Amino acid sequence: MNVLHTRPGISFISVSINTSGVFSVIPAHSQRRIRVYAAHLANSLTTGFQWGSSNTMLSGTQNLAINQSINLDYNPLGWFEAITQEALTIALAATPTGGFGGHITYAYIP
């Protein structure tokens, strides 16, 4: 995962996953939690994924068909938040042959 750009309080990170499992996509902060404001994720294989916060799932399974994407348009209130001092994770059910990825807009909040 690579931080693409940072504005005061807001960061943008790229996501690229090539195998199944649980992946930390945004690192934990020692005194803050992560709020997701927007995201775009796409895959090359039918799979399900879940947003999480370290070992706590933040969403139900979201299923994507081959070459389908999910777009969370900018939400000024945020779509969801990770638990304080925990990383934001994505759990991927199946290994995507060509990859699973996109970008996330987020901020560390008190």
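Remember, it's a predicted structure, so these values are computed and weren't measured experimentally.
- For the atom pair OG1 of Thr105 and CD1 of Ile10, the computed distance is 7.5 Å after rounding to the nearest 0.5 Å.
- Looking at Gln62 and Ile70, their side chains come closer than 4.5 Å, going by heavy atoms from C-beta outward.
- Two residues are said to be in side-chain contact when any heavy atoms from C-beta on lie closer than 4.5 Å; Leu64 and Thr46 fail this criterion.
- Residues Ile90 and Phe80 fall within the same hydrophobic cluster, defined by Ile, Leu, Val, Met, Phe, Trp and Tyr side chains chained together at heavy-atom separations under 4.5 Å.
- When all heavy atoms of Glu81 and Ile109 are compared, the closest pair comes out as OE2-CD1, 3.4 Å.
- Checked by atom type and distance alone, the side chain of Gln85 pairs as donor or acceptor with a backbone atom of Ser30 at under 3.5 Å.
- In plain terms, the two heavy atoms of Val22 and Ala91 that are nearest each other are CG2-CB, 3.9 Å.
- When the options Thr19, Asn18, Leu92 are evaluated for a side-chain contact (heavy atoms from CB on, under 4.5 Å) with Phe100, the one that passes is Leu92.
- Here the OG-CD1 distance, from Ser11 to Ile104, works out to 11.5 Å after rounding to the nearest 0.5 Å.
- A donor atom on one side chain and an acceptor atom on the other are found under 3.5 Å apart for Asp73 and Asn71.
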### Query
ring-ring contact (aromatic ring centres under 6.0 Å, His included) between Tyr106 and Tyr37: does it pass, once the steps are laid out?
CA-CA 5 Å; Tyr106 70 98; Tyr37 289 99; 9.1 Å; no
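- Note that the CG atom of Leu58 and the CD atom of Glu86 stand 8.5 Å from one another [nearest 0.5 Å].
- When all heavy atoms of Ala87 and Ala82 are compared, the pair lying nearest together is O-CB, 4.3 Å.
- Of all the heavy atoms in Gly48 and Asn63, the pair that sits closest is CA-OD1, 3.5 Å.
- A heavy-atom distance below 4.5 Å is found between the side chains of Tyr108 and Ile34.
- The main-chain N or O of Pro110 is found under 3.5 Å from a side-chain atom of Arg33 such that the two form a donor-acceptor pair.
- Across all non-hydrogen atoms, the minimal contact from Ala42 to Ser69 is CB-CB, 3.7 Å.
- Of the possible donor and acceptor atoms, one in the side chain of Ser44 sits under 3.5 Å from a partner among the backbone N and O of Gly99.
- Atom CG of Leu72 sits about 7.5 Å away from atom CG of Leu41, to the nearest 0.5 Å.
- Thr89 places none of its side-chain heavy atoms less than 4.5 Å from the side chain of Trp51.
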